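Remember, it's a predicted structure, so these values are computed and weren't measured experimentally.
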Amino acid sequence: MKQIINTFGILLILTFNIFSCILLVNSTLQISLAKEYKADVIAEIENSNFNPNVITSCISQANANGYTLSVQNVQYDEDNFYTCVEVVLGYKYTMPLFNISADKTTRGIAR
């Protein structure tokens, strides 16, 4: 009888660990997809030569995909003005089993 209880206890702990690992992989996937999406937006903005129509299209497309996108002009020096924009992508990070939910951001610069 003691063997059965120990076996089921071990199986219960093993099952919990498997679900925890699956949720961790899912959370890592959320982060990876957000960073990949940011890289795609930066590439699209750079390829369009900073076209304002493309930037507004990227912002509306990000909202449709569940992200928040902010694009701001960046000036490094008053003398040397570089054409670049800062891209800030906000995404939702969740781990439901552990009741973790946070809003995260990732930043990049399109040159």
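Cluster membership check: Met95 shares its hydrophobic cluster with Phe16, using side-chain heavy-atom separations under 4.5 Å among Ile, Leu, Val, Met, Phe, Trp and Tyr. Using a 4.5 Å cut-off between side-chain heavy atoms of Ile, Leu, Val, Met, Phe, Trp and Tyr, with links allowed through other members, Ile31 and Ile42 fall into the same hydrophobic cluster. Hydrophobic clustering (side-chain heavy atoms under 4.5 Å, transitive across Ile, Leu, Val, Met, Phe, Trp, Tyr) keeps Ile4 apart from Ile10. Cluster membership for Val54 and Ile109, using ILVMFWY side-chain heavy atoms within less than 4.5 angstrom, is not shared.
Looking at Tyr93 and Ser101, their side chains never come closer than 4.5 Å, going by heavy atoms from C-beta outward. In this structure, the side chains of Phe19 and Leu24 stay at 4.5 Å or more apart for every pair of heavy atoms. Cys58 has its side chain within reach of Leu69: a pair of non-hydrogen atoms, C-beta onward, lies under 4.5 Å apart. Contact annotation: the side chain of Ile18 approaches that of Ile22 to within less than 4.5 Å [non-hydrogen atoms, C-beta and beyond]. In this structure the side chain of Gln3 never reaches within 4.5 angstrom of the side chain of Phe8, judged on heavy atoms. By the 4.5 Å heavy-atom criterion applied to side chains, Thr105 and Leu89 are not counted as neighbours. Put simply, the side chain of Ile100 does not reach to within 4.5 Å of the side chain of Thr94, judged on heavy atoms.
Residue Gln61 holds its CD atom at 4.0 Å from OH of Tyr37, rounded to the nearest 0.5 Å. Note that SG of Cys84 and CG of Asn73 are 8.5 Å apart. Values are rounded to the nearest 0.5 Å. Put simply, CD1 on Ile55 and OG on Ser60 are 12.0 Å apart, with the number rounded to the nearest 0.5 Å.
A donor-acceptor pair under 3.5 Å links the side-chain atoms of Asn47 to the main chain of Ala43, judged by distance alone. Between the Ser32 side chain and the Thr28 main chain, no donor and acceptor come within less than 3.5 Å of each other. A donor-acceptor pair is defined here as one N or O able to donate and one able to accept, closer than 3.5 Å; no such pair exists between the side chain of Thr106 and the backbone of Ala34. Asn51 places a side-chain N or O within donor-acceptor distance of the main-chain N or O of Asn53, the cut-off being under 3.5 Å. A donor-acceptor pair under 3.5 Å is formed between the side chain of Lys38 and the backbone N or O of Arg107. Checking side-chain atoms of Glu86 against main-chain N and O of Gly108 turns up no donor-acceptor pair under 3.5 Å. Between the side chain of Glu46 and the backbone N or O of Ala110 there is no donor-acceptor pair closer than 3.5 Å.
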Evaluate side chain to side chain contact (heavy atoms under 4.5 Å, CB included) for Leu33 paired with Tyr91, printing each intermediate quantity in order. CA-CA 10 Å; Leu33 289 175; Tyr91 60 95; over 6 Å; no
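Atom NZ of Lys92 sits in a crowded spot, with more than 12 heavy atoms from other residues, nucleotides or ligands closer than 6.0 Å.
Only one option out of Leu11, Asn17, Thr15 pairs with Ile13 in a side chain to side chain contact (heavy atoms under 4.5 Å, CB included); it is Asn17.
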